[in-house]
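Working notes, structure below.
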2 protein chains.
Amino acid sequence: MSSTREKIAQAADTLFYEQGFEATSFADIAGAVGISRGNFYHHFKTKDEILDAVIDRRIAKTKGMMETWDAQGQTPLDRIGCFIRILIRNRAKITQFGCPVGSLVSELGKLNHVSQSRANALFSMFGDWLAEQFQEMGCDAPTALRHARHLLARSQGVATLSQALQDDEFIDGEVVLMLDYAAAAASEFTQEGN
Amino acid sequence: MSSTREKIAQAADTLFYEQGFEATSFADIAGAVGISRGNFYHHFKTKDEILDAVIDRRIAKTKGMMETWDAQGQTPLDRIGCFIRILIRNRAKITQFGCPVGSLVSELGKLNHVSQSRANALFSMFGDWLAEQFQEMGCDAPTALRHARHLLARSQGVATLSQALQDDEFIDGEVVLMLDYAAAAASEFTQEGN
DNA sequence: GATGATATAGGACAGATGTCCTAGGGCGCG
DNA sequence: CGCGCCCTAGGACATCTGTCCTATATCATC
């Protein structure tokens with residue numbers, strides 16, 4: 001099967017993250033993959049098609065992560081912890097380039113790009129998944145959504161600020177606070193005496 | 001004095017915020033100001049010079065805001081509240097284009113731009129000012145810095161997420177939580193019985 | 001009114017960009 | 001072998017970019 005198409009999408013994914021969508025040219029991607037510039041047309045008609053493929057990749061990758069977390073975490077609190085800890089796992093890249101989702105959404109928003117809503121869907125995926133966890137904990141639906149969005153916003157802020165400060169260690173402290181927040185939400189529904 | 005130069009910087013400021021630095025061309029700025037494209041060279045040698053002028057403007061505007069807050073707020077907590085409430089004052093623009101500071105820093109970071117550090121200084125200004133307030137409250141220096149960065153990150157996250165969700169109202173709830181956070185930090189140093 | 005500095009318009013310039021076309025290579029199938 | 005199909009390379013293309021030049025307009029000063 002067309003492995004070249006996949007390689008293009010993969011290279012574009014990385015470059016869009018590290019340089020931005022607008023700042024990444026066909027030539028950049030061609031150089032990264034090692035194919036000729038004109039050859040692109042056979043796999044992707046336009047740059048927007050590449051963007052769509054990249055978003056598809058990210059959606060798939062996100063789904064995969066969530067499945068892993070679902071399998072790995074015993075309790076909702078454990079699973080939420082998995083989400084929070086992405087910040088630590090990707091610490092170096094986040095400090096350098098920010099959050100892949102957040103920065104893409106921000107850029108596409110400014111460009112008034114057609115695929116803006118598809119990128120925003122990535123946020124919704126995280127939001128919905130987090131809300132599910134809080135509901136399983138015992139929260140009612142609106143509270144769960146509130147908690148979910150709150151954590152999502154916190155993680156975005158940590159990413160942006162660690163990039164601005166160029167400070168790895170800032171992430172660690174904030175992760176602890178976010179875990180505390182989730183734990184506090186959970187403790188409302190557990191036995192006091194435990 | 002050269003009012004044209006000022007008008008260019010002002011138009012560029014707006015356009016860099018709403019479209020991004022890279023995506024804004026000389027032609028865009030010229031169109032917005034209503035002057036010819038070639039005329040730019042007389043006022044700014046390069047696009048980077050315009051960016052520097054824009055950052056200067058923002059630094060000056062930020063200083064002005066802080067002076068206003070210093071004069072307006074009676075207590076450190078009041079003044080911190082002024083900062084937090086920018087989110088509400090600029091709600092509509094933030095929902096559409098995100099935070100001007102955060103998105104510029106993010107973009108310049110990805111472009112590895114020379115002026116990246118000058119843009120980051122904008123963050124430091126807010127951070128230092130907030131830390132001062134927390135110190136006046138009674139916090140020791142490291143704690144004050146921690147609180148300051150925490151609030152800065154929170155506000156960034158709120159901006160990013162409200163843009164992604166296209167949701168005005170999300171901001172209001174988060175602002176309340178941030179005010180609570182500041183109040184809790186302050187209450188440590190006030191009389192219990194008050 | 002003449003002079004000179006400053007501001008402006010218009011366009012030239014090379015390079016890059018996204019898009020598209022064409023010619024040929026490699027390979028399976030009849 | 002010969003046909004047809006997918007893949008690739010290389011380059012054409014119009015357009016846009018940032019930069020820069022030159023000729024003209026504006027205006028204060030003498």
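Proteins come first, then strands; the chains are lettered A, B, ... in the order of their sequence lines, and each starts at number 1.
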Worksheet item: After noting the C-alpha distance and the side-chain angles of A:D167 and B:R149, does the key distance pass the salt bridge (charged side-chain N to carboxylate O under 4.0 Å, His left out) rule?
Response: CA-CA 11 Å; A:D167 183 357; B:R149 289 180 166 185; 3.2 Å; yes
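- With rounding to whole Å, B:E22 atom CD is found 11 Å from C:dG18 atom P.
- Nearer the 5' end of DNA chain C, as judged by each residue's closest nucleotide, is the contact made by A:D28, out of A:G38 and A:D28.
- Atom P of nucleotide C:dC20 and atom NZ of A:K47 are separated by 15 Å, given to the nearest angstrom.
- Across the protein-nucleic acid pair, A:E49 atom CD and C:dT19 atom C1' stand 12 Å apart, rounded to whole Å.
- The nearest whole Å value for the distance from the CZ atom in A:F44 to the P atom in C:dC20 is 15 Å.
- The CZ atom of A:F26 sits 9 Å away from the C1' atom of C:dT17 (whole-angstrom rounding).
- Residue A:A27 is the one, among A:A27 and A:N39, whose nearest nucleotide of DNA chain C lies closer to the 5' end (criterion: closest heavy atom).
- Protein atom CZ of A:R5 is 15 Å distant from nucleotide atom P of D:dC6, rounded to whole Å.
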Practice prompt. Take A:R79 and A:E136 through the test salt bridge (charged side-chain N to carboxylate O under 4.0 Å, His left out) and record every step on the way to the result.
Written response: CA-CA 11 Å; A:R79 296 193 278 275; A:E136 275 187 43; 2.7 Å; yes
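- In this structure, the nucleotide among D:dG18, D:dA9, C:dT19 sitting nearest to the side chain of A:R37 is C:dT19.
- Residues B:D52 and B:S115 bring a donor and an acceptor atom of their side chains to less than 3.5 Å of each other.
- One finds a side-chain N or O of A:T4 lying less than 4.0 angstrom from the OP1 or OP2 phosphate oxygen of D:dT8.
- At D:dT17, one or more side-chain N or O atoms of B:S25 fall inside 4.0 Å of OP1 or OP2 (strictly under the cut-off).
- Ring planes of A:F21 and A:F16: perpendicular class, angle over 60° (limits at 30 and 60°).
- Atom NE2 of A:H42 is separated from atom P of C:dG26 by 16 Å (rounded to the nearest Å).
- Looking at the side chain of A:Y41, the nearest of the listed nucleotides C:dT17, C:dC20, D:dC20 is C:dC20.
- Which of C:dA9, D:dT19, C:dG18 sits closest to the side chain of B:I35 comes down to C:dA9.
- Using bins of under 30°, 30° to 60° and over 60° for the plane-to-plane angle, the ring pair B:Y17/B:F97 lands in the perpendicular bin.
- Between the C1' atom of C:dC21 and the CZ atom of A:F40 lies a distance of 17 Å, rounded to the nearest Å.
- Contact annotation: A:H43 side-chain N/O to D:dT8 OP1/OP2 distance is under 4.0 Å.
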